Amino acid sequence: MEKDLKKQIEVACQGTEDILVKDELVKMLGISIKENKPLKVKLGLDPTAPDIHLGHTVVLNKLRQFQDMGHKAVLIIGDYTARIGDPSGRSTLRPKLDPEVIDKNAETYMKQAFKILDSEKTEVVKNSEWLQPLQLADILNLTSRFTVARMLERDDFKKRFNGNISIAIMEFLYPIMQAYDSVAINSDIELGGTDQRFNLLVGRELQKDLGQRQQIAITMPLLVGLDGVSKMSKSLGNYIGVTEKPDEIFGKVMSIPDSLIIGYYRLLTRLPKTEIDSIEKQITTQGENPVFAKRNLAKIIIGILYDKQQAEDAEQHFDIIFKEKKIPDEIPEFCISGEDITEGRMSIVNLLVKSGLAESNADAKRQIIQGAIKANDVKITDINLIFNTQGLKGMIIQKGKRFFRKINIQ
RNA sequence: GGAGGAGUGCCCGAGUGGUCAAAGGGAGCAGACUGUAAAUCUGCCGGUGUAAGCCUACAUAGGUUCAAAUCCUUUCUCCUCCA
């Protein structure tokens, strides 16, 4: 266990958005060191989707840092809360999920979370374990401790309320259930994104009400997505999944706006603060081209999710395609089937649509007109072009800089 | 239960009888530029068609009209106020 209190505090606070309450955290860490008693650090994950992305890893990274300092990570699989759906940051009620789907999601979630976490030092529990057996009387008891006014203090509820958008009563139950999780495991610290702030605080209140020591709530900033505008989310498509291929991750990191680089360092790399500060200084005041920092960032992220070697490979791959503008060696294959061929011929437009490079015939034509399409590295300008299918075997069709298809005939 | 407001393209949002496939922004795609899939600039951005055009689309179903996202009615959904 890390014995240096100062260091512990620094690591604990690094990159956080908010700590409620910081003084208490300092005290708590001090006691923990003195008594050589690790703290229970809680993180709840609702398995509402099968995959996690870098946005989720922000908080996982923080948990990992606590693990590395010798504390105990308690990962709560919100299999029961997932049925309600966290209303945080939402403007509409979440769709309900089937328990089977939730279980399945939970499985892949775990696997992916352990790309970040140290599985040896993690306790995993499902909250159905204690939420399922609750009787109505228990629930009434819990709900009686909170008021509607208190619920409406929460920003997103308030916004919905004021903005004439519906709030299901059930949604009020979500924070209470999450709070009850904290009570059930008697947590010392709970981690979450900024959108979790309210939920984490309700946990504190409930613990106090039930005579437990209040947990410290640590919130992490939400990771901005690849578009540089909205938070990273699957539904917006601006995300990097942790199971994506290294090449893909590298490319996607390279596509973030330069303004996001430092934020990504802080939230995704676990590098010491001083190091990140110096990178920031190099870019902002010493005129260093951000591309280097960005490449390095991409490699670090891949290194965490895979390993160093694969990170190097991904970088090389990127250079081959985008600096030397060569064609990558792994290209998705597209197999032409008989019905697409008329009298041994197939039009370029049809080929683009069928291979998924274009969304519609109109889109295919547009792309050709804009000069985006190449066949075997030769630009195509004629939207009426028709191929003899024999000649298509092994042909490489390219759209723009980064979409390729290798043609095959069955 | 009563009174009133709202529902527009992937998202936000303008539009209140024709000039609307619908302003603007965001996202997306492409081109130029670049040591970046960054920034910036330019173009595209419902389908079909070489094109004229045709089809589909402004919650839903009908109606008025030469003509409707825009007017009327039905249904659905959401909200506000009153009780």
Side-chain angles (χ1 to χ4, degrees), chain A residues 54 87 89-93 95 152 157-169 171 224-240 244-265 279-280 282-284 287-299 301-302 314-328 347-350 352-353 355-374 379-386 397-405:
Chain A
L54 286 186
R90 288 230 142 205
S91 53
T92 49
L93 186 66
L152 289 178
F157 279 150
K158 198 195 294 170
K159 270 196 198 132
R160 281 163 69 177
F161 188 73
N162 291 337
N164 300 342
I165 298 164
S166 68
I167 302 170
I169 291 174
E171 295 183 79
V224 177
L226 302 176
D227 53 37
V229 180
S230 323
K231 75 164 186 177
M232 184 173 281
S233 87
K234 193 165 187 184
S235 50
L236 292 176
N238 61 354
Y239 70 103
I240 299 179
E244 288 187 53
K245 287 195 185 136
D247 291 349
E248 194 66 18
I249 296 175
F250 196 94
K252 282 188 174 180
V253 173
M254 292 306 284
S255 82
I256 63 171
D258 288 355
S259 57
L260 253 49
I261 296 174
I262 294 302
Y264 270 40
Y265 264 99
I279 294 170
E280 181 172 30
Q282 279 169 25
I283 297 176
T284 52
E288 177 102 351
N289 190 325
V291 76
F292 296 111
K294 213 194 255 184
R295 295 174 75 105
N296 200 31
L297 172 68
K299 281 196 284 185
I301 291 171
I302 297 167
E315 181 178 36
Q316 258 186 21
H317 176 261
F318 182 85
D319 284 346
I320 288 172
I321 297 176
F322 296 106
K323 273 170 75 177
E324 298 166 33
K325 298 199 159 95
K326 285 190 187 147
I327 290 163
S347 72
I348 177 69
V349 168
N350 195 228
L352 288 170
V353 173
S355 63
L357 287 177
E359 280 171 21
S360 62
N361 292 0
D363 185 41
K365 285 176 201 159
R366 256 180 246 132
Q367 300 293 351
I368 295 169
I369 290 166
Q370 293 189 123
I373 306 299
K374 283 183 182 172
K379 190 182 278 186
I380 290 178
T381 50
D382 179 9
I383 57 172
N384 294 314
L385 186 66
I386 296 194
I397 304 284
Q398 179 179 358
K399 179 193 129 193
K401 292 177 192 124
R402 54 195 175 111
F403 299 104
F404 299 88
R405 290 289 184 281

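Here the structure is a predicted model, which is why all the values come from computation and not from measurement. Numbers restart at 1 for each chain; the letters A, B, ... are given by sequence-line order, proteins then strands. Below, each value reflects all heavy atoms present in this structure, side chains not excepted, and no hydrogens, waters or symmetry copies.
Annotation: B:C11 and B:U60 have their C1' atoms spaced 23 Å apart (nearest Å). On the C1' atoms, B:C81 is 33 Å away from B:U64, given to the nearest whole Å. Remark: the separation of the P atoms in B:G24 and B:A14 is 15 Å, to the nearest Å. Straight-line distance between the C1' atoms of B:A27 and B:G62: roughly 37 Å, to the nearest whole Å. Comparing B:C44 with B:A57, their P atoms are spaced 26 Å from each other, to the whole Å. Between B:A61 and B:G7, the two C1' atoms lie 16 Å apart (nearest whole Å). Taking atom P in both B:G53 and B:A59, the straight-line distance is 27 Å, to the nearest Å. Comparing the P positions of B:U74 and B:U80 gives an interatomic distance of 23 Å, to the nearest angstrom.
Pairing partner, B:A57: none, since no Watson-Crick or wobble contact has both distances short of 3.5 Å. Across the strands present, B:A52 finds no partner; the criterion is a Watson-Crick or G-U wobble pair with both atom distances under 3.5 angstrom. The base-pairing partner of B:G17, taking Watson-Crick or G-U wobble contacts with both distances under 3.5 Å, does not exist among the strands shown. Searching all strands for a Watson-Crick or G-U wobble partner of B:A3 with both distances below 3.5 Å returns B:U80. Checking B:C44 for Watson-Crick or G-U wobble geometry (two distances, each under 3.5 Å) identifies B:G28 as its partner. Base pairing analysis places B:A38 opposite nothing; no Watson-Crick or G-U wobble pair with both distances below 3.5 Å involves it.
Among the nucleotides B:G26, B:A30, B:U36, the one closest to any side-chain atom of A:Lys294 is B:U36. The nucleotide whose nearest atom lies closest to any side-chain atom of A:Asp227 is, among B:U36, B:G28, B:A30, B:G28. Distances from the side chain of A:Phe318 to the nucleotides B:A38, B:A30, B:U36 place B:U36 closest.
Panel note: side chain A:Tyr265, backbone A:Ala293; a donor-acceptor pair is recorded below 3.5 Å.
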Taking it one step at a time, do A:Lys401 and A:Ile321 satisfy side-chain contact (heavy atoms from CB on, under 4.5 Å)? CA-CA 8 Å; A:Lys401 292 177 192 124; A:Ile321 297 176; 6.0 Å; no
Worked check of side-chain contact (heavy atoms from CB on, under 4.5 Å) between A:Ile283 and A:Lys294: CA-CA 11 Å; A:Ile283 297 176; A:Lys294 213 194 255 184; over 6 Å; no
side-chain contact (heavy atoms from CB on, under 4.5 Å) between A:Ile302 and A:Val253, intermediate numbers included: CA-CA 10 Å; A:Ile302 297 167; A:Val253 173; over 6 Å; no
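On a pure distance criterion of 3.5 Å, no polar donor-acceptor pair joins the side chain of A:Gln370 and the base of B:G31.
A cation-pi arrangement is found for A:Lys252 relative to A:Tyr239, the charged atom lying closer than 6.0 Å to the ring centre and inside a 45° cone about the ring normal.
Annotation for A:Lys234: atom NZ counts as buried by contact number, over 12 foreign heavy atoms lying within 6.0 Å. Counting non-hydrogen atoms of other residues, nucleotides and ligands closer than 6.0 Å to CD of A:Glu359 gives a total of 12 or fewer.
The shortest distance between the side-chain N/O atoms of A:Ser360 and the OP1/OP2 oxygens of B:U48 is below 4.0 Å. Close to B:U48, at under 4.0 Å from its OP1 or OP2, lies no side-chain N or O of A:Lys365. Residue A:Arg366 places at least one side-chain N or O closer than 4.0 Å to OP1 or OP2 of B:G47. Within the structure, a side-chain polar atom (N or O) of A:Asn361 is placed less than 4.0 Å from OP1 or OP2 of B:G49. At least one side-chain nitrogen or oxygen of A:Arg402 sits closer than 4.0 Å to the OP1 or OP2 atom of B:C29.
Rounded to whole Å, the distance from NZ on A:Lys299 to P on B:U36 is 16 Å. Put simply, CD1 on A:Ile373 is 21 Å from P on B:G43, counting in whole angstrom units. Put simply, CD1 on A:Ile383 is 12 Å from P on B:U48, counting in whole angstrom units. Atom CD1 in A:Ile249 sits about 21 Å away from atom P in B:U36, given to the nearest Å. Rounded to an integer number of Å, the gap from NZ of A:Lys234 to P of B:A27 is 22 Å. The separation between A:Ile369 atom CD1 and B:U42 atom C1' is 16 Å, rounded to whole Å. Taking atom CD1 of A:Ile283 as the reference point, atom C1' of B:A39 lies 14 Å away to the nearest angstrom. At whole-Å resolution of the value, CD in A:Glu288 and C1' in B:A39 are 17 Å apart.
Once rounded to the nearest 0.5 Å, the distance linking CD of A:Glu244 with CG of A:Leu54 reads 8.5 Å.
Nearest-nucleotide assignment on RNA chain B puts the 5′-proximal partner with A:Lys399, out of A:Lys379 and A:Lys399. Each of A:Ala362 and A:Lys252 has a nearest nucleotide on RNA chain B; the 5'-most of these lies closest to A:Lys252.
Within 4.0 Å (heavy atoms only), A:Gly251 reaches at least one base atom of the nucleic acid.
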